[in-house]
Amino acid sequence: MAIRALYPGSFDPFTYGHLNIIERAVQVFDEVVVAVAFNSRKTTLFTREERMDLLGEVFGGQPKVRVETFEGLLVNYARSKGCKAIVRGLRTISDFEYEFQMAQANKTMAPDVETFFMMTDQRFSYFSSSLIKEIAMLGGDVDKMVPPQVAKRIRQKFPARA
Ligand code: COA
């Protein structure tokens, strides 16, 4: 039986840290659904459509990766997509508490869905979407932190600074 995993996140923006997790997840699972979370109460730099387009560009032609979007409870979405696994990346020990709480709550709501953690590669362990947005906003170069498609769109968002 093929095992489909769900890799959810805000991806605002998508970084090399996220890419690293997905590239490793496809070695383990038969299919990875990358799900862009939409939360109407959260202000984002990139709209849901922009984030999906960017992920589509990054993963175009990769048969084991599907890009989708969701709203509402993650476990309901996982079940609706037939995903038995949720993949999350852990960068540092400080991620653990939040991830632990989320995994436990998800397990209580959906005992049939397992959460799998992967250690983010050390090279990306200090990355965060907020940090990258701040650097870009202040005119810094983020080319080593995000895929070229994302870097290009970030430059379009902050043209005067780039
Ligand atoms: N490399 C680099 N950075 C990473 C990373 C990695 N491998 N993994 C996460 N990050 C960073 C992100 O860039 C982001 O940085 P920021 O805080 O500066 O923006 C931060 O870690 C967290 O991002 P992400 O992993 O995308 O999680 P999130 O908090 O944006 O999304 C959801 C979490 C969407 C999975 C969660 O809120 C959810 O499940 N929502 C649905 C509602 C629900 O079911 N709620 C109940 C849950 S119990």
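Every number for a ligand or one of its atoms is a count from 1 in the order of the listing. These numbers come from the heavy atoms of this one structure, side chains and all, not from hydrogens, waters or symmetry mates.
Residue contact annotation: Arg123 has no non-hydrogen atom under 4.0 Å from ligand 1. Between Tyr77 and ligand 1 there is no heavy-atom distance shorter than 4.0 Å. Taking 4.0 Å as the cut-off, Phe70 counts as a neighbour of ligand 1 on heavy-atom distance. Using a 4.0 Å cutoff on heavy atoms, Lys133 does not count as a contact of ligand 1. Not close to ligand 1: Ser125, with no non-hydrogen atom less than 4.0 angstrom away.
For ligand 1, the atoms sitting less than 4.0 Å from at least one non-hydrogen atom of Leu73 are 43 (C), 44 (O), numbered in the order shown with element in parentheses. Taking every non-hydrogen atom of Ile21 and a distance limit under 4.0 Å, the qualifying atoms of ligand 1 come out as 7 (N). If you number the atoms of ligand 1 from 1 as listed, the ones under 4.0 Å from a heavy atom of Phe127 come out as 2 (C), 3 (N). Here is the list of ligand 1 atoms found below 4.0 Å of a heavy atom in Gly72: 41 (C), 42 (C). Here is the list of ligand 1 atoms found below 4.0 Å of a heavy atom in Gly9: 26 (O). Taking a cut-off of under 4.0 Å to the non-hydrogen atoms of Lys42, the atoms of ligand 1 that pass are 30 (O).
Residue-level proximity to ligand 1 for Thr120 is carried by the side chain, the only part with a heavy atom below 4.0 angstrom. Neither the backbone nor the side chain of Met119 has a heavy atom within less than 4.0 Å of ligand 1. For Ala105, every heavy-atom contact with ligand 1 shorter than 4.0 Å involves the side chain, none the backbone. Contact annotation for His18 and ligand 1: heavy atoms of both the backbone and the side chain come within less than 4.0 Å of the ligand. Residue contacts with ligand 1 for Phe38 are absent, since no atom lies close enough (heavy atoms, distance under 4.0 Å). At a heavy-atom distance under 4.0 Å, only side-chain atoms of Ala37, from C-beta outward, approach ligand 1. Residue contacts with ligand 1 for Thr15 involve side-chain atoms from C-beta outward but no N, CA, C or O (heavy atoms, distance under 4.0 Å).
Residue Asn106 places no N or O, backbone or side chain, under 3.5 Å from any N or O of ligand 1. At under 3.5 Å, a nitrogen or oxygen of Leu74, whether backbone or side chain, sits near a nitrogen or oxygen of ligand 1. The shortest N or O to N or O distance between Gly17 and ligand 1 is under 3.5 Å.
At least one side-chain heavy atom of Pro8 sits under 4.5 Å from a side-chain heavy atom of Arg88. When side chains are defined from C-beta on, Ile132 counts as touching Ile154, because their heavy atoms get closer than 4.5 Å. Here the side chains of Lys42 and Ser10 are in contact, with some heavy-atom distance below 4.5 Å.
Of the possible donor and acceptor atoms, none in the side chain of Asp12 sits under 3.5 Å from a partner among the backbone N and O of Thr44. For Ser129 (side chain) and Phe11 (main-chain N/O), no donor-acceptor pair under 3.5 Å exists by modelled atom type.
Summarising the local packing, CD of Gln122 is surrounded by 12 or fewer heavy atoms from other residues, nucleotides or ligands at distances under 6.0 Å. The number of heavy atoms from other shown groups lying within 6.0 Å of CD (Gln62) is above 12. Counted within 6.0 Å of NZ on Lys152, heavy atoms from surrounding residues, nucleotides or ligands total 12 or fewer; the atom is thus considered open.
The shortest contact between atom 25 (O) of ligand 1 and any protein heavy atom is with Arg88 NH2, 3.1 Å. Scanning the protein for heavy atoms near atom 28 (P) of ligand 1, the closest one is Ser10 OG, 3.7 Å. Atom 47 (C) of ligand 1 has Met102 CG, 3.7 Å as its closest protein atom, hydrogens excluded (heavy atom only). Summary of contacts: the protein heavy atom closest to atom 21 (O) of ligand 1 is Arg91 NH2, 3.0 Å. Of all protein heavy atoms, the one closest to atom 13 (O) of ligand 1 is Ser129 OG, 2.6 Å. For atom 19 (O) of ligand 1, the closest non-hydrogen atom of the protein is Ser130 OG, 3.4 Å.
Follow the hydrophobic side-chain contacts under 4.5 Å out from Val146 and you reach Ile135 in the same cluster. In this structure, Leu90 is not a member of the same hydrophobic cluster as Tyr98, with clusters built from ILVMFWY side-chain heavy atoms closer than 4.5 Å. Residues Val87 and Leu19 are members of one and the same hydrophobic cluster, defined by side-chain heavy-atom contacts under 4.5 angstrom among Ile, Leu, Val, Met, Phe, Trp and Tyr.
Using a 4.0 Å threshold on non-hydrogen atoms, atom 16 (P) of ligand 1 counts as touching the protein. Under the 4.0 Å distance rule, the nearest protein heavy atom to atom 6 (C) of ligand 1 falls inside the cut-off.
Closest of all the heavy-atom pairs between Arg51 and Val36 is NH1-CG1, 3.6 Å. For the pair Arg4 and Gly82, the tightest heavy-atom approach, listed with the atom from each and the gap, is CB-O, 4.0 Å.
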**OP:** Take Lys157 and Phe46 through the side-chain contact (heavy atoms from CB on, under 4.5 Å) test and state the conclusion after the steps.
**Re:** CA-CA 9 Å; Lys157 290 274 178 191; Phe46 291 99; 3.6 Å; yes

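Of the residues listed (His18, Arg24, Glu23), the one engaging Ile21 in a side chain to side chain contact (heavy atoms under 4.5 Å, CB included) is Arg24, and it is the only one.
Residue nearest to atom 37 (O) of ligand 1, selected from Phe14, Tyr126, Tyr98: Tyr98 (by heavy-atom distance).
If you take CD on Gln149 and CG on Leu54, they are separated by 7.5 Å, rounding to the nearest 0.5 Å.
Between Phe29 and Tyr7, the distance from one ring center to the other does not fall under 6.0 angstrom.
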